[in-house]
Amino acid sequence: MNNELLRTLATVVAVSAPLVYAGIGETLTEKAGVINLSLDGSILLSAMGAFATAYLTGSLFWGFVVAALIGAAVAALIAFASISLRQDQVAVGFVLTLLCADLSSFLGNPFVHKPGPAIPNMPIPILKDLPIVGPILFSQDLVVYGSFLLILLSWLWTFKTQPGLRLQGIGERPEAAFARGTNVNRLRFFYTVLGGALVGIAGAAYSLDIKLGWSHNHTAGNGWIALAIVIFGGWHPLRVAFGAYLFGGLKALGSVMQRVAPGVPTQIFQAAPFALMIVALLLVSGNVLDRLLAYLPRRTRQRVTSLVRSSPPAALGKPFVEE
Amino acid sequence: MQIELRNIHKHFGPVRANDGISLRVQSGTIHGLLGENGAGKSTLMKILSGYLSLDSGQILVKGRPVSIQSPAQGIRHGIGMLHQDPLDFPAMRVLDNFLLGRGSRLRQHRARAKTELLQLADRFGFPMDPEEMLSTLSIGERQQLEILRLISLGAETLILDEPTTGISTPQKVQLFATLHRLAAEGRSVIFVSHKLEDAEELCHRVTVLRHGRVSGEIEAPFQSAQLVRLMFGQDLPPSERATIPTGQPVLQLDHVTLPGPRFSIPNISMTIRAGEVIGLAGIEGSGQRLFLHACVGLVRPSSGQILLDGQDMVGQSYHHLLKSGMAFLPANRLEEGLVEGLTLAEHCILTDRENMPFFVRWSEAREKARQKISEYNIQGTPDSPIESLSGGNQQRALLSLLPSHLRLLALEHPTRGLDVESARWVWDMLQQRRRQGTAIVFTSADLDEIRERSERIYVFSGGNLSGPVDATETSTTELGMMIGGKAYEIA
């Protein structure tokens, strides 16, 4: 394989890492039945917070901690409003998106275009020398490795552990989970805050690693993409991760195409990933898939269907009230 | 396991759902809990299993007073409840459903749980594939899974809420065999139902609830007539009825089959004449609503013909039918009948179909509302929001908004939630309509109302339609029998 292709793929894996954090964080939250719509704003605010902290203290670690705390705090507001006050999650999320975005511009003003610290590259010995996967996966930095770990852990947690079953239960049918002795609202609060912290880390991953520095609306748009990727991924951690990489890949393809075909307006390549994402979404949820699946033997079909077919948690966005 | 409930009280707002209920269930028996809708059965069982908290009273398990604050505590005391609509997770696998809620340790122990589930399923003869998605299972199979789950969690008392609704006959036979077996093993079973037949076939002892109180307790063998009297009350002498001559057929149903979510009602043939009143009896959810919806064109029959004044009305739009003199008054007045947040005057504007100027004539609308207020004796003003009116006044408002000429009027629980005075007023209005030649079809949970107000009565029971019964000749007991699914024994 030629070096340029490997480099491009390595870049795709790296630039997709923040989307993986945000997408999986939101997946956990939505699995529990709560929609945190504030992603676009909270990623901005935590990216700003992370950069400011790292710039002032010189510590990357504290930058990430502050970002996670900001994301968790915004999520806690959503959890409080929707679980405790039973307000509309979409409305609260929207308002917080706008508020956080403006707040990031206001508070981040002194830090615009300042040079700051960056996460150093850290190739993993031995593994980095493996053919193909070495340069793509193992010549990255800690943030990217963390995203790999997160994909694996969130999948294991959701589907292979007892608490993971409860997580699925409170999002599918909270009254049935309650009947099985689950404190639904406390767990929902927990997963909302946990998901928010991961969204915060996504913000830090931008300003301290992937898109270094801080400027107004530094990461704007990526929160909405993360939200779309959760739907694309059918609320399944592995598929959500795949969605994040697919989007990263489409963007990379866009910049490659720009070089290959300089005559075409750049806007087309910038907009193409979004259009292709919609096409992909249609493919996984439309009749086309059903017709393809019909060719599989029955037993395999059931497995494949549950893998590719997606339906939102049945109680997504619905508050739960104990009788 | 012996269970005793002592003097249980529970009220929701002004409604006393449980008004001093005492009940004792012996171990190793199947105890029936009978009663019509709203008698307080489900409330009582939710209290026992921990879904609801009680206002006052005591629960004793094996002779010791216990406090059950949540379903989890209920199961710890050995009490498990199977809900009418199984409380499970259709989007997850059978095994996941079985596993969910078993301890809070990290590991799932899937293999061990799978073995246990298969062994249990085998013991009771339930076919069970642990890896199947629950959504592909029937209600009966989901019930079976819930029973196995509750038993494996150590339930010694099993509460089943209307378990025979929506399951097939073989599944019912199997369910009953299972329950007998559980009782023989020393567990106690509480069987909540409104179906006399099922209770008589299954139970060792039956407690009947009526209006939140125990109206009687009987040991097997049972006499249907006695159970019906306990469920529905004594027969009252029929009151005087107005004689209004009936005219031409208004609505004719010819071999109509209605598709429903749980069951379909096959092969209905019936003629409703001008000035006639047809009462529809049955436990809620037995098909009456579906039938009413079909009468006014809100549901399309899967086969058969419905004629309105000789014209085929199947497939006609509801608006067309409204114009042809059809009207429907739903039981959920605020949800389906009126528009919450709008005033009476605004309702007048909305319902006036002949006179629709582009700009609203407010003074005219208020004047019209004032007329209706005095004519229909509504307590309110043209500008009071509709939801601020009391239930009786909302019903008056709904009646006042009906067009002046009607061929057919379908009403769902026309006097539900109304005091005696308003209820009588509503029926006076309806009598006037009849004299003008309007045919009336209505449902009611009150058998006395049905007997007193209608000429012919049809009874719905789990999607089966029986009747017509002549209202002057029937008794509450007979209707109660038919509602309880015993129509064929009488006929």
Side-chain angles (χ1 to χ4, degrees), chain A residues 30-33 153-187 190-191 234-236 293 297-316 318 320-323, chain B residues 10 12 17 42-43 46-47 49-54 68-76 79-83 85-110 112-113 129 131-136 142 145-146 149-150 153 155 159:
Chain A
E30 294 197 9
K31 270 264 174 229
L153 282 181
S154 61
W155 174 72
L156 278 174
W157 182 264
T158 312
F159 294 108
K160 300 293 164 190
T161 69
Q162 195 67 28
L165 277 180
R166 279 180 195 271
L167 165 61
Q168 294 178 54
I170 57 174
E172 279 299 330
R173 226 175 148 193
E175 55 275 22
F178 172 69
R180 286 153 160 82
T182 308
N183 189 334
V184 174
N185 284 335
R186 203 170 62 193
L187 262 191
F190 169 76
Y191 281 110
W235 295 268
H236 189 298
L293 286 173
R298 193 179 160 272
R299 193 73 203 210
T300 341
R301 184 166 60 216
Q302 210 185 4
R303 297 229 134 181
V304 177
T305 308
S306 68
L307 197 71
V308 293
R309 208 37 15 185
S310 61
S311 56
L316 182 59
K318 290 185 198 132
F320 171 68
V321 192
E322 280 176 33
E323 269 184 272
Chain B
K10 174 76 185 177
F12 301 101
S42 287
T43 303
K46 281 185 177 169
I47 287 173
S49 56
Y51 287 87
L52 286 175
S53 58
L54 40 75
I68 302 177
Q69 304 288 344
S70 70
Q73 271 182 16
I75 198 80
R76 243 172 272 147
I79 301 167
M81 180 158 173
L82 178 69
H83 293 254
D85 191 14
L87 266 184
D88 50 16
F89 306 94
M92 294 163 74
R93 286 172 200 285
V94 169
L95 186 59
D96 290 335
N97 269 277
F98 187 70
L99 268 167
L100 215 161
R102 299 166 74 83
S104 48
R105 261 180 244 110
L106 191 64
R107 280 194 59 190
Q108 284 186 352
H109 296 294
R110 281 185 95 81
R112 202 191 296 169
D129 176 0
E131 295 301 331
E132 195 121 27
M133 295 302 281
L134 194 73
S135 52
T136 61
R142 284 165 60 184
L145 176 62
E146 276 291 280
R149 193 180 69 82
L150 290 171
L153 286 174
I159 304 167

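Remember, it's a predicted structure, so these values are computed and weren't measured experimentally. Letters A, B, ... mirror the listed sequences (proteins, then strands); counts begin at 1.
Proximity to chain A is absent for every atom of Arg76(B), based on heavy atoms less than 4.5 angstrom apart. At a 4.5 Å heavy-atom cutoff, the contact between Ala179(A) and chain B is made by backbone and side-chain atoms alike.
For Arg112(B), the CZ atom sits in a loose shell: 12 or fewer heavy atoms of surrounding residues, nucleotides or ligands are nearer than 6.0 Å.
In this structure a side-chain-to-backbone donor-acceptor pair under 3.5 Å is missing from Gln168(A) to Asp96(B).
For residues 97-106 of chain B, the pairs satisfying salt bridge (Lys or Arg N to Asp or Glu O under 4.0 Å) are Arg102(B)-Glu116(B), with sequence neighbours left out.
By the 4.5 Å heavy-atom criterion applied to side chains, Leu106(B) and Gln162(A) are not counted as neighbours.
Ala176(A) is linked by a side chain to side chain contact (heavy atoms under 4.5 Å, CB included) to Arg173(A), Arg180(A), Leu87(B), Phe89(B), counting only residues two or more places apart in sequence or in another chain.
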Pair Leu165(A), Gln108(B) - check side chain to side chain contact (heavy atoms under 4.5 Å, CB included), show working. CA-CA 9 Å; Leu165(A) 277 180; Gln108(B) 284 186 352; 3.5 Å; yes
